[in-house]
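We use all heavy atoms of the structure for the numbers below, so side chains are in, but hydrogens, waters and symmetry mates are not.
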Amino acid sequence: MGTYDDRDYDVGKGKPPKKYRFEKGQSGNPRGPRHKKKAKDATLEVLASEAVNELVTVVIGGREKRLPKKQAIVVGVVNDALAGTPAQRLKALKALVDIGAFNPTVEDARLTPEIMEERAKALIDCLIEEGLRDESTRSQFLQYKQ
């Protein structure tokens, strides 16, 4: 006969074989139920700080990098400014200057004031050239519009 026929007790729903029953003095799951994590009572500042410090994957120069969201936002704004019109570039440049993005850092300590001045002049020349190019394009467009 079958293995169930040799047993001296019923096996079925709610009656597992003796091998799989709980031991005497023990009932239920000894590790207990899984508890849900409680939501933190956090201020808006804490929640915002956690949100902007989360890491996201961003593709920069064809390579994936993991950056905090706040850094990815700045990279996106700068890239959008580069793709925009000269007026948008100037607005972005002014905003970056206002927040101190061009202030010398520890890494820039090796730059002398002369080198920084040269770079500033080159940037200004580039912006002037961009503005003139934009103005000539605009005048050509107005010529066709009339």
When hydrophobic residues are tied together by side-chain contacts of less than 4.5 Å, even through go-betweens, does [X] share a cluster with [Y]?
X: Leu44; Y: Val46; answer: no
X: Leu93; Y: Val77; answer: no
X: Ile73; Y: Val78; answer: no

Heavy-atom pair of closest approach, residues Ile60 and Lys65: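 Shortest heavy-atom separation between Ile60 and Lys65 comes out as CD1-CD, 4.3 Å.
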
Neighbour count >12 (heavy atoms, 6.0 Å) for atom CZ, Arg63: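 It does not: Arg63 CZ has 12 such atoms or fewer within range.
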
From NZ (Lys70) to CG (Asn53), nearest 0.5 Å: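 If we round to the nearest 0.5 Å, Lys70:NZ and Asn53:CG are 4.0 Å apart.
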
Nearest-0.5 Å distance, CG of residue Leu55 to CZ of residue Arg66: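 One finds 5.0 Å between CG of Leu55 and CZ of Arg66.
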
Partner residues of Glu135 under the side chain to side chain contact (heavy atoms under 4.5 Å, CB included) criterion, sequence neighbours left out: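 By the side chain to side chain contact (heavy atoms under 4.5 Å, CB included) rule, Glu135 matches Arg138.
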
Verdict with supporting geometry, Leu90 and Leu127, side chain to side chain contact (heavy atoms under 4.5 Å, CB included): CA-CA 8 Å; Leu90 287 174; Leu127 290 173; 3.8 Å; yes

Among Glu130, Glu129, Lys91, Arg133, side chain to side chain contact (heavy atoms under 4.5 Å, CB included) partner for Pro86: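 So, applying the side chain to side chain contact (heavy atoms under 4.5 Å, CB included) to Pro86 and each of Glu130, Glu129, Lys91, Arg133, only Glu130 qualifies.
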
Salt-bridge contact Lys121-Asp125 (side-chain N to carboxylate O under 4.0 Å):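 No, this pair does not count.
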
Check: Glu50 side chain, Leu47 main-chain N or O, donor-acceptor pair, under 3.5 Å: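 It does not hold such a pair.
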
